Number of protein chains: 2
Amino acid sequence: MSSPAYTRLENDERRRQLVALGERLFTENAFDEISMAAIAREAGISKALLYHYFPSKRDFFAATLAEGAEALRLAVEPDPDAAPAEALLASLAAYLRWVEEHRDSYAKLMRSVATVREARELVDQVRDLTAQRVLDGLAGGSGAPLPPTARIAVRGWLWFLDGAILDWLDGGDVAREELLGLLVGTLLGALTAAGAGDLLQAAADG
Amino acid sequence: MSSPAYTRLENDERRRQLVALGERLFTENAFDEISMAAIAREAGISKALLYHYFPSKRDFFAATLAEGAEALRLAVEPDPDAAPAEALLASLAAYLRWVEEHRDSYAKLMRSVATVREARELVDQVRDLTAQRVLDGLAGGSGAPLPPTARIAVRGWLWFLDGAILDWLDGGDVAREELLGLLVGTLLGALTAAGAGDLLQAAADG
DNA sequence: CGTCTTGTCAACCAGCGGTCAGGAACGACG
DNA sequence: CGTCGTTCCTGACCGCTGGTTGACAAGACG
């Protein structure tokens, strides 16, 4: 009599299609600038089907984030055999490389940090982990306990990192290696000011 | 026959009452955690009256911010007669003092930065102004143009500032003067790494 | 053919920010 | 005392949001 009212898709295929669409839409629009109804319309399906695949809008957003987050985590994973300072340097370089290649995703993530709990948790996790790694690397270099200012220095430096990267992406007038030098130099300066500069040196030498 | 259905208040008095209530509620809850209906309920008035006094929720939020923002701006205003480096130091110290005295407001502001355009504009304004002041102070110390890395260093440092302050408020284990030293030392370190450390020295000496 | 699972949709819900026509309080005036 | 006008105030409503429900269509299997 007529063409079918809709076409069935395999579960996984539909899911992949929706995640891919979400990656695009959430990069073009901020989290609350686009409604689930609009997303469903764009996908050519009903809103209810979208909710069939993802229990909530935030879950959907998190799903569009997950793939990239995993890739980033792998890229940044430090080499356990290298000296702490070298491992940090390598991770940092990998981080910048990833950001440069996925600048839209990175900007999206930073923009949504305060709005979406999932995004905030992701960034916080990465910050906590990184800060802990840096502090461990420092403390491992000597037996002395770290002053609390060292903690503030490292955690503040992670903010510096993201702020500098955002400005770097915005400006486009600085090479990646140059930024890397600025980041490392600033960490050194912050740790020196925190009274833990010698530990960094020791960690670098050791 | 019966008691009045509601009591009338003078325009200004009602407005003050609402702003005071907003300051409390927005400190206890994030911007989108509390609805205008709930605020009106808390104030014992109708939602329409709330909208009679403030054209939108964001305007209402901005009104609750305005008083503190103005006080902060005054406190941070640098002494035009002082040398750039000293003026910066004084402003920074005033900033920390203000944050310590209004930690709830500060945390509220930082939490709402990405959600509320008005808050974002406020923080951006302060950052831009501060960055410009610092850069001008540096450039004034010599005729040489600043490298783009210096811009990134200063703007990144402002992120460091807020990140460090949040951690500082969280920890409570570091004195204000110590934090001040860390901040100044980090700026010095960042500018040195950006190849503009000599300019800072010149500005401090000049 | 029937039946069972899976995929789909229209219609609906409570709550949101925001609007509007009109009622109720109160000071002024006869 | 009445009543009148100003101004402060309200209940009902709007379009939209994220999220839910129940019924039905498509295809696989016997």
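If you're wondering where the values come from, they're calculated on a predicted model, not measured in any experiment. Below, chain A is the first sequence line, B the second, and so on; all start at residue 1.
When heavy atoms are screened at a 4.0 angstrom cut-off, B/Y53 is found touching the sugar-phosphate backbone but no base atom. Residue contacts shown for A/L50 are absent, as no nucleic acid heavy atom lies under 4.0 Å away.
One interatomic measurement links the two molecules: OH of A/Y51 to C1' of D/dG19, which rounds to 5 Å at whole-angstrom precision. Between B/E33 atom CD and C/dG15 atom C1' the separation is 16 Å, expressed in whole Å. Rounded to whole Å, the distance from CZ on A/R41 to P on D/dG18 is 11 Å. Remark: P of C/dC16 and CG of B/N29 are 12 Å apart, rounded to the nearest angstrom. Rounded to whole angstrom, the span from the CG atom of A/L49 across to the P atom of D/dT20 amounts to 15 Å. Atom CZ of A/F54 is separated from atom P of D/dT20 by 15 Å (rounded to the nearest Å). The distance between atom CZ of B/R15 and atom C1' of D/dC9, rounded to the nearest whole Å, is 17 Å. Between A/D32 atom CG and C/dG17 atom C1' the separation is 13 Å, expressed in whole Å.
Within the 4.5 Å cutoff, the side chain of B/L72 has no heavy atoms near those of the B/H102 side chain.
Residue B/S35 places no side-chain N or O under 4.0 Å from the OP1 or OP2 atom of C/dG15.
Checked for salt-bridge contact, B/R133 and B/E77 meet the test: a charged N lies under 4.0 Å from a carboxylate O.
Closest heavy-atom contact between A/T149 and A/A194: OG1-O, 3.0 Å.
Both B/A48 and B/R8 lie near DNA chain C, and the one whose nearest nucleotide falls closer to the 5' end is B/A48. When each of B/R58 and B/Y6 is assigned the nucleotide of DNA chain C bearing its nearest heavy atom, the one mapping closer to the 5' terminus is B/R58.
For A/K47 against D/dG19, a side-chain-to-base donor-acceptor contact under 3.5 Å is present.
Relative orientation of the B/F60 and B/F54 rings is tilted, given thresholds of 30° and 60° on the angle between their planes.
Counting only distance, with no hydrogens or angles, the side chain of B/T27 and the backbone of B/S105 share no donor-acceptor pair below 3.5 Å.
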